[in-house]
Amino acid sequence: MKIIDKEGKVYECPEEEVLHVIRHSTAHVMAQAIQRLYPEADFAYGPATERGFYYDVDLGDKKLSDEDLANIEAEMKKIVKENLPIKPFILPRDEAVKLMHDRKEKYKEEHIGDLPEDAVISFYQQGDYIDMCIGPHVTYTKALKAFKITGQSGAYWKNDAKNKMLTRINGVAFTSQEELAEYEKMMEEARARDHRKIGKEMSLFMTDDLIGKGLPMFLPKGYTVWQELENYIKEKERKLGYQHVMTPCVGTVSLYETSGHWAHYKANMFPAMEVEGESFVLRPMNCPHHMMIYANKPHSYKELPIRIGEIAHDFRFESSGTLKGIERGRHFCQNDAHLFVTPDQIKSEVSKVVDLIFDVYKDFGIENYRCVLSLRDPADTEKYHPDDEMWNTAEDALRQVLRDIGIEFTEEIGEAAFYGPKLDVNVKPAVGAEYTLSTCQLDFCLPAKFDLKYIDSESNEKTPVVLHRAILGSLDRFMAFIIEETKGKFPVWLAPLQVKVLPVSEKTLEYASKVNEALENANVRTQLDDRNEKIGYKIREAQQVDRAPYMLILGAKEAEEGIVSVRYRDNNETESMKLEEFIEKVTKEIATRAR
RNA sequence: GCUGGAAUAGCUCAGUCGGUAGAGCACUUCACUCGUAAUGAAGGGGUCGUCAGUUCAAGUCUGAUUUCCAGCUCCA
């Protein structure tokens, strides 16, 4: 594919850039179509994205309907058919400003003002449409063969909520219709594994308007999964010397004023409750509670590290637009822990936390994740505790530990917590944007605020360092992730229903209920389908709705010989074995948490 | 919170020009007694998210509101 750069040089597009150029050029064609249909439209940014492109446009008071979007797409196809040549030109800064000013492109004009003095300001033109852009682009509009407008949304000018909200029109673009069709198929599959959909199908959790938005409730099956996750992670933590505590979901406002959270995150907490002259809030996190537990008695350096863990209920007043099933609600349970350590224990403790994270990921088969070292933005003195030395020490320490451990990570400025830098491990769910699953934060700040102490070997009072960490993140979010990873086909130990017992007819119901009872006695989560239905019907439901890892098909043959016919969820194969043999197999898989 | 879209039976959805509310699945009952992804028949089930308005008449039109969805902003 031939492309053209801003100097007008035409050349063959490198393979790896083809999609990007196509998407960027498609954004221009969409803008041209919008300009034809809405001459008053004023364009802001219109870049290529991971899957396509968007253009942010100021349409004044005009609201776009789905029909309008279809019209824009139709106009785009027309422009492609017209096969307009796409030509670049370069203007000196003042002429560029004048051109944009004359064309009433106030966003582009402002954009030029933001560019450095020596910037080369280039434009691309196709037909009447001119866009300020550094390119490169395809040479003719007919090069764009497969695109689709996927929707619209609001987006702030320069991503700042203080600015005007523009209309963002999103689209996807590919090199061929086949690729576009493939993408649409993939999107459909992604929607099918959405945890909200599967959660409903499997009766894992529910929401209700009367309970309140962002407050999902776990049903018996969902809570079974939840409890298994809780037991799993607590077991791991106990082996690593964590001590678990239970602390209340409410605390005084003073507690959060002491920690600094009140100043930083008041807006994201449920408002304070006044009782008997005192103010209380639902807690948004557990650090202060754990700090007070540490402060409950004096500590010797010999006791450190002290690792305090809790599966803790937290409440955050998340913006209504960000709520998403159990992935992000206003109530959730953190797999939280605070490690109180001496400075020379930082490295080994961070290292153990990192090991635990990857150990857990291995158990769950999580392979697609990204490690980020989140640092402060030194310019943001409002968010970040202004103590350069403290920050430099903490950031250098954490960076060095991560390097020593040898994990790959990228650094992101301005992503740190207000009290310290952190390692975030991010994953991408089937549906929606990447989010943080695990985190390990290094904190020199809160221990000082709470005046925490330990006595060192020379009888001096010292301030411990705190590591905040969450491995499963929140159990709710982790469950959402696992549902989407497995499409609800949980490993045996996590499955809410592990075995479904299916008599072929009522003649073998008695034998089936004996088998069911034997499984129950072995602590296997089992259910007997005693309905008067055909075996194919029962299998279908057990497999498609319950997603039971094992189905036991029990007919005359099995009853006679005292065996069970095992049908496997994951490969649809069947195998006969003795009941005792099956129980041993299943209970072993459960005990070892086999994947 | 913001921009746009949606809301009809437990679930998935149809409902034309404003004229008494529909299907499949699920559920109940009956028959069949069944061998590896849906046996047949009958029956019950809806203030069409909520509140106003327009109209002789509203699931359908208007407004407000609630919740959900896509995205933006945010995420200690």
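Chain A is the first sequence line, chain B the second, and so forth, proteins listed ahead of strands; every chain is numbered from 1.
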Asks: Can you tell me if A:K487 has over 12 outside heavy atoms packed within less than 6.0 Å of its NZ?
Replies: no

Asks: Please classify the nucleic acid contact of A:E327 as base, sugar-phosphate, or nothing, using heavy-atom distances under 4.0 Å.
Replies: nothing

Asks: Over all strands shown, is A:A556 touching base, sugar-phosphate only, or nothing at heavy-atom distances under 4.0 angstrom?
Replies: base

Asks: Quick one about A:Y419 and A:Q441 (side-chain donor to acceptor, distance below 3.5 Å, no hydrogens or angles considered), yes or no?
Replies: yes

Asks: Round to a whole Å and report the spacing from NZ of A:K324 to P of B:C74.
Replies: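 Computing the A:K324:NZ to B:C74:P distance gives 17 Å.
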
Asks: Would you say A:Y54 reaches B:U3's phosphate, i.e. side-chain N/O to OP1/OP2 under 4.0 Å?
Replies: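 No, because none of the side-chain N or O atoms of A:Y54 sits under 4.0 Å from OP1 or OP2 of B:U3.
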
Asks: Please state whether the base of B:C34 and the side chain of A:N532 form at least one donor-acceptor pair under 3.5 Å?
Replies: yes

Asks: Let's go through A:F332 and A:H313 carefully: what are the C-alpha distance in whole Å and the side-chain angles of both, what is the deciding distance for ring pair (Phe, Tyr, Trp, His ring centres under 6.0 Å) to 0.1 Å, and is it a yes or a no?
Replies: CA-CA 6 Å; A:F332 60 98; A:H313 294 255; 9.7 Å; no

Asks: Hey, is the main chain of A:K428 close enough, under 3.5 Å, to the side chain of A:E434 for a donor-acceptor pair?
Replies: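 No, the answer is negative, given that no donor and acceptor are paired below the 3.5 Å cut-off.
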
Asks: Heavy atoms under 4.0 Å, any strand shown: does A:Q441 hit a base, just sugar-phosphate, or nothing?
Replies: sugar-phosphate

Asks: Between B:A6 and B:C48, how far is it from one C1' atom to the other, in whole Å?
Replies: 14 Å

Asks: Could a donor-acceptor pair under 3.5 angstrom be found where the side chain of A:Y156 meets the base of B:G1?
Replies: yes

Asks: Quantified in whole Å, what is the C1' atom distance between nucleotide B:G53 and nucleotide B:A38?
Replies: 48 Å

Asks: Which part of the nucleic acid, if any, lies within contact of A:H264, taking any heavy atom under 4.0 Å across all strands shown: a base, the sugar-phosphate backbone alone, or nothing?
Replies: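 Nothing: the residue A:H264, judged by heavy atoms under 4.0 Å, touches no strand.
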
Asks: Students often get this wrong, so: under 4.0 angstrom with heavy atoms, is A:Y265 touching a base, only sugar-phosphate, or nothing?
Replies: base

Asks: Can you tell me, in whole Å, how much space there is between the C1' of B:G46 and that of B:A21?
Replies: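 After rounding to an integer number of Å, I get 8 Å for this pair.
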
Asks: Starting from P on B:A6, measure out to CG on A:L69 and report it in whole angstrom.
Replies: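 For the pair A:L69 CG and B:A6 P, the rounded distance is 12 Å.
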
Asks: Only one of A:V501, A:L502, A:V504 passes side-chain contact (heavy atoms from CB on, under 4.5 Å) with A:L554; say which it is.
Replies: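 Exactly one pass, corresponding to A:V501.
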
Asks: Is it the case that A:E510 and A:T508 place a side-chain donor and acceptor less than 3.5 Å from each other?
Replies: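 The answer is no; no qualifying pair exists.
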
Asks: Round to a whole Å and report the spacing from CG of A:D380 to C1' of B:C74.
Replies: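 To the nearest whole Å, that distance equals 14 Å.
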
Asks: Which ones in residues 539-546 of chain A lie close to RNA chain B, meaning a heavy atom under 4.0 Å from one of its atoms?
Replies: A:I539, A:R540, A:Q543, A:Q544

Asks: List the steps, then state whether ring pair (Phe, Tyr, Trp, His ring centres under 6.0 Å) holds for A:F43 with A:Y107.
Replies: CA-CA 7 Å; A:F43 297 93; A:Y107 294 99; 9.6 Å; no

Asks: Hey, which of these two, A:K197 or A:E533, hits RNA chain B nearer its 5' end, going by closest nucleotide?
Replies: A:K197

Asks: Would you call A:R196 and A:E484 a salt bridge, using N to O less than 4.0 angstrom?
Replies: no

Asks: Would you mind classifying the nucleic acid contact of A:I535 as base, sugar-phosphate or nothing, using non-hydrogen atoms under 4.0 angstrom?
Replies: sugar-phosphate

Asks: As a test of reading the structure: which of B:C34, B:G35, B:C74 is closest to the side chain of A:I553, going by heavy atoms?
Replies: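 The closest nucleotide is B:G35.
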
Asks: Is the phosphate of B:U39 approached by A:R531 (side-chain N or O, under 4.0 Å from OP1 or OP2)?
Replies: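 No, A:R531 has no side-chain N/O under 4.0 Å of OP1/OP2 on B:U39.
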
Asks: What's the closest nucleotide to the side chain of A:M285 if the choices are B:A38, B:G71, B:A76?
Replies: B:A76

Asks: Can A:R328 and A:E318 be counted as an ion pair, charged N to O under 4.0 angstrom?
Replies: yes

Asks: Rounding to an integer number of Å, can you tell me how far A:L502 CG sits from B:A37 C1'?
Replies: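 To the nearest whole Å, that distance equals 12 Å.
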
Asks: Looking only at N and O atoms, is any donor in the side chain of A:R316 or the base of B:C74 less than 3.5 Å from an acceptor on the other one?
Replies: no

Asks: I need the CG-C1' distance between A:D160 and B:U3, as an integer number of Å.
Replies: 16 Å

Asks: Does the plane of the ring in A:Y45 sit parallel, tilted or perpendicular to the ring in A:W157? Use 30° and 60° as the thresholds.
Replies: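 A:Y45 vs A:W157 ring planes: parallel.
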
Asks: Does the structure show a Watson-Crick or G-U wobble partner for B:G10, both distances under 3.5 Å? Name it, or say none.
Replies: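 For B:G10, the partner nucleotide comes out as B:C25, under the 3.5 Å rule.
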
Asks: Looking at A:R547 and A:E201, is there a salt bridge between them, counting it only when a charged N and a carboxylate O are closer than 4.0 Å?
Replies: yes

Asks: Check whether any side-chain nitrogen or oxygen of A:K200 sits under 4.0 Å from OP1 or OP2 of B:U12, and answer yes or no.
Replies: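 Affirmative; the distance criterion is met.
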
Asks: Pairing check on B:G46: which nucleotide meets the Watson-Crick or G-U wobble criteria with it, both distances under 3.5 Å?
Replies: none

Asks: Return the nucleotide paired to B:A31: Watson-Crick means purine N1 to pyrimidine N3 with N6-O4 or O6-N4, wobble means G-U with N1-O2 and O6-N3, both under 3.5 Å.
Replies: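 Check on B:A31: paired to B:U39, both distances under 3.5 Å.
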
Asks: Starting from P on B:C68, measure out to CZ on A:R328 and report it in whole angstrom.
Replies: 14 Å

Asks: Donor-acceptor pair under 3.5 Å: do we get one between A:N572's side chain and the base of B:U36?
Replies: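 Per atom types, no contact qualifies.
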
Asks: Is the distance from OP1 or OP2 of B:C75 to the nearest side-chain N or O of A:R477 less than 4.0 Å?
Replies: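 It does not, given that no N or O in the side chain of A:R477 lies less than 4.0 Å from OP1 or OP2 of B:C75.
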
Asks: Contact list please: residues 165-174 of chain A against RNA chain B, heavy atoms, distance less than 4.0 Å, in numerical order.
Replies: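 Heavy-atom contacts with RNA chain B come from A:M165, A:R168.
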
Asks: Please tell me if A:K507 has a side-chain N or O lying less than 4.0 Å from either OP1 or OP2 of B:C34.
Replies: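 So the side-chain polar atoms of A:K507 do come within 4.0 Å of the phosphate oxygens OP1 or OP2 of B:C34, strictly under.
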
Asks: Under 4.0 Å: is that the gap between some side-chain N or O of A:K213 and OP1 or OP2 of B:U67?
Replies: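 Yes, within the criterion.
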
Asks: Base, sugar-phosphate, or nothing: which does A:N159 touch, judged by heavy atoms less than 4.0 Å apart?
Replies: sugar-phosphate

Asks: Using the ring centroid of each side chain, check whether A:Y550 and A:F582 are separated by less than 6.0 Å.
Replies: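 They qualify: ring centres under 6.0 Å apart.
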
Asks: Whole-Å distance between B:G10 C1' and A:M202 CE?
Replies: 18 Å

Asks: Using atom CG of A:D56 as one end and atom P of B:G71 as the other, report the distance to the nearest whole Å.
Replies: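 In whole Å, B:G71 P and A:D56 CG are 15 Å from each other.
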
Asks: Within the 4.0 Å heavy-atom criterion, would you say A:G555 contacts the bases, only the backbone, or no part of the nucleic acid?
Replies: base

Asks: So among A:D56, A:D114, A:N163, which one has a side chain to side chain donor-acceptor pair (under 3.5 Å) with A:K158?
Replies: A:D114

Asks: Kindly say if A:R196 contacts the phosphate of B:C69, meaning a side-chain N or O under 4.0 Å from OP1 or OP2.
Replies: yes

Asks: Can you tell me whether the base of B:C17 sits syn or anti, using the 90° cut around 0 to define syn?
Replies: syn

Asks: For A:L64 and A:G321, find the nucleotide of RNA chain B closest to each by heavy atoms; which residue's nucleotide sits nearer the 5' end?
Replies: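 Looking at RNA chain B, the more 5' nearest nucleotide goes with A:G321.
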
Asks: Counting only side-chain N and O atoms of A:K422, is one of them less than 4.0 Å from OP1 or OP2 of B:A76?
Replies: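 Yes, within the criterion.
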
Asks: Given B:U36, B:C34, B:U67, which nucleotide is nearest the side-chain atoms of A:D209?
Replies: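 Nucleotide nearest to A:D209's side chain: B:U67.
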
Asks: Start with the C-alpha gap between A:D336 and A:R469, add the side-chain angles, then the distance that decides, and say whether salt bridge (charged side-chain N to carboxylate O under 4.0 Å, His left out) holds.
Replies: CA-CA 6 Å; A:D336 202 10; A:R469 46 107 285 181; 5.9 Å; no

Asks: Using atom P in both nucleotides, what's the gap between B:A64 and B:G71 to the nearest angstrom?
Replies: 26 Å

Asks: So does A:E318 reach the base of B:G1 with its side chain, donor to acceptor, closer than 3.5 Å?
Replies: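 It does not, because no donor-acceptor pair links the side chain of A:E318 to the base of B:G1 below 3.5 Å.
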
Asks: If B:U3 has a Watson-Crick or G-U wobble mate with both distances under 3.5 Å, name it; if not, just say none.
Replies: B:A70

Asks: Does A:T207 contact B:U67 through a side-chain donor or acceptor facing the base, at a distance under 3.5 Å?
Replies: no

